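Please read these numbers as outputs of a predicted model, since none were measured by experiment. Starting from 1, each residue takes its place in the sequence as its number.
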Amino acid sequence: METPKIFESEYRFCEILWEHEPVTSGDLVRLCQEKLEWKKSTTYTVIRRLTERGVLKSENAVVTSLVSKEEVQSRESAEVVERTFSGSLPGFIAAFTRKKPLTRDEADEIQKIIDSYK
């Protein structure tokens with residue numbers, strides 16, 4: 001199953017959900033009001049929309065995610081690389097490191113990832 005598209009405001013909502021799940025819808029309303037300044041109706045609308053798209057489930061007023069943060073980040077990253085760099089991961093990395101040099105630890109971590117694919 002392909003990871004559903006999650007828009008920016010939905011992603012901020014999902015970050016709250018991932019941090020607190022499983023969580024009651026009432027607690028989500030409170031958390032979204034505190035952290036996002038959303039009204040109760042906005043939170044329930046987002047819960048409904050994300051449920052319809054298969055991002056989360058809400059049963060007996062308890063909300064849990066069906067898609068992990070890592071899955072969403074992977075989808076979004078791949079979309080940026082495809083759209084902006086014609087699918088070229090080296091092109092993305094080159095552009096990214098022109099503005100933000102890698103630390104030694106970051107370079108070592110990336111090298112480990114590359115080595116694991118060889």
Side-chain angles (χ1 to χ4, degrees):
M1 178 182 106
E2 185 176 319
T3 303
K5 172 76 175 160
I6 296 178
F7 300 97
E8 185 177 342
S9 62
E10 295 170 338
Y11 185 82
R12 291 182 295 141
F13 168 87
C14 286
E15 285 185 308
I16 294 168
L17 174 60
W18 291 319
E19 184 178 337
H20 297 278
E21 72 179 318
V23 61
T24 66
S25 54
D27 284 341
L28 265 178
V29 166
R30 180 184 51 79
L31 289 163
C32 289
Q33 201 288 317
E34 290 172 9
K35 296 179 183 222
L36 304 174
E37 299 181 1
W38 284 4
K39 294 180 181 178
K40 179 180 179 178
S41 60
T42 303
T43 300
Y44 281 115
T45 297
V46 171
I47 290 171
R48 181 182 48 79
R49 285 183 185 160
L50 292 177
T51 299
E52 290 170 355
R53 294 203 331 256
V55 175
L56 55 87
K57 70 177 179 177
S58 179
E59 293 179 341
N60 301 320
V62 176
V63 182
T64 56
S65 65
L66 298 173
V67 179
S68 71
K69 184 175 186 175
E70 292 76 19
E71 289 171 309
V72 172
Q73 290 172 333
S74 179
R75 182 194 194 284
E76 292 296 316
S77 299
E79 189 176 292
V80 167
V81 171
E82 186 60 41
R83 182 182 67 246
T84 310
F85 299 95
S86 301
S88 171
L89 185 57
F92 168 77
I93 292 171
F96 182 81
T97 57
R98 274 189 221 109
K99 293 291 183 182
K100 183 191 177 291
L102 297 175
T103 67
R104 181 72 186 156
D105 288 343
E106 290 171 328
D108 289 345
E109 189 173 342
I110 291 169
Q111 187 63 55
K112 287 178 188 175
I113 293 168
I114 292 168
D115 291 345
S116 73
Y117 283 95
K118 288 184 177 180

Can you sort out the partners of Glu106 under side chain to side chain contact (heavy atoms under 4.5 Å, CB included), two or more places apart, ordered by chain and number? Lys100, Leu102, Thr103
Taking Thr84 for its side chain and Val81 for its backbone only, find out whether a donor-acceptor pair lies under 3.5 Å. no
Quick check: closest heavy atoms across Gly26 and Tyr44, and the distance to 0.1 Å? N-OH, 4.1 Å
Say you draw a straight line from NZ of Lys69 to CG of Leu17; how long is it, rounded to the nearest 0.5 Å? 11.5 Å
In Å, rounded to the nearest 0.5 Å, how long is the span from CG of Leu56 to CG of Leu66? 6.5 Å
If I compare all heavy atoms of Phe85 with all of Ala95, which pair ends up nearest, and what's the gap? CE2-CB, 3.5 Å
Hey, quick one: are Val62 and Leu28 part of the same hydrophobic cluster, counting side-chain heavy atoms closer than 4.5 Å, chains of contacts allowed? no
Kindly compute the distance separating OG1 (Thr42) from CZ (Phe13), expressed to the nearest 0.5 Å. 11.5 Å
Glu34: partners by salt bridge (Lys or Arg N to Asp or Glu O under 4.0 Å), with sequence neighbours left out: Arg30
Measure the SG-NZ distance between Cys32 and Lys40 for me, rounded to the nearest 0.5 Å. 13.5 Å
Audit row: Cys14, Val55, side-chain contact (heavy atoms from CB on, under 4.5 Å) steps and yes/no: CA-CA 9 Å; Cys14 286; Val55 175; 4.1 Å; yes
Side chains of Leu36 and Ile16: does their closest heavy-atom pair fall under 4.5 Å? yes
Would you please name every residue forming a side chain to side chain contact (heavy atoms under 4.5 Å, CB included) with Ser74, sequence neighbours left out? none
Is the number of heavy atoms from other residues, nucleotides or ligands under 6.0 Å of Glu109 CD greater than 12? no
d(Asp115 CG, Asp108 CG) to nearest 0.5 Å is 10.0 Å
Kindly determine whether Asp27 and His20 satisfy side-chain contact (heavy atoms from CB on, under 4.5 Å), including the steps that lead there. CA-CA 9 Å; Asp27 284 341; His20 297 278; over 6 Å; no
Do Ser65 and Glu21 have side-chain N/O donor and acceptor atoms under 3.5 Å apart? yes
Does CD in Glu52 sit with more than 12 non-hydrogen atoms of other residues, nucleotides or ligands closer than 6.0 Å? yes
Any salt bridge linking Lys5 with Glu79? Criterion: basic side-chain nitrogen under 4.0 Å from a carboxylate oxygen. yes
Does Arg104 CZ have over 12 foreign heavy atoms under 6.0 Å away? no
Between Ile6 and Glu76, which heavy-atom pair has the shortest distance, and what is it? O-OE2, 3.7 Å
Between atom CG of Leu50 and atom OG1 of Thr45, what is the distance when rounded to the nearest 0.5 Å? 10.5 Å
Please step through side-chain contact (heavy atoms from CB on, under 4.5 Å) for the pair Lys35 and Arg12, ending with a clear verdict. CA-CA 9 Å; Lys35 296 179 183 222; Arg12 291 182 295 141; over 6 Å; no
Taking the six-membered ring for Trp, are Tyr11 and Trp18 closer than 6.0 Å centroid to centroid? yes
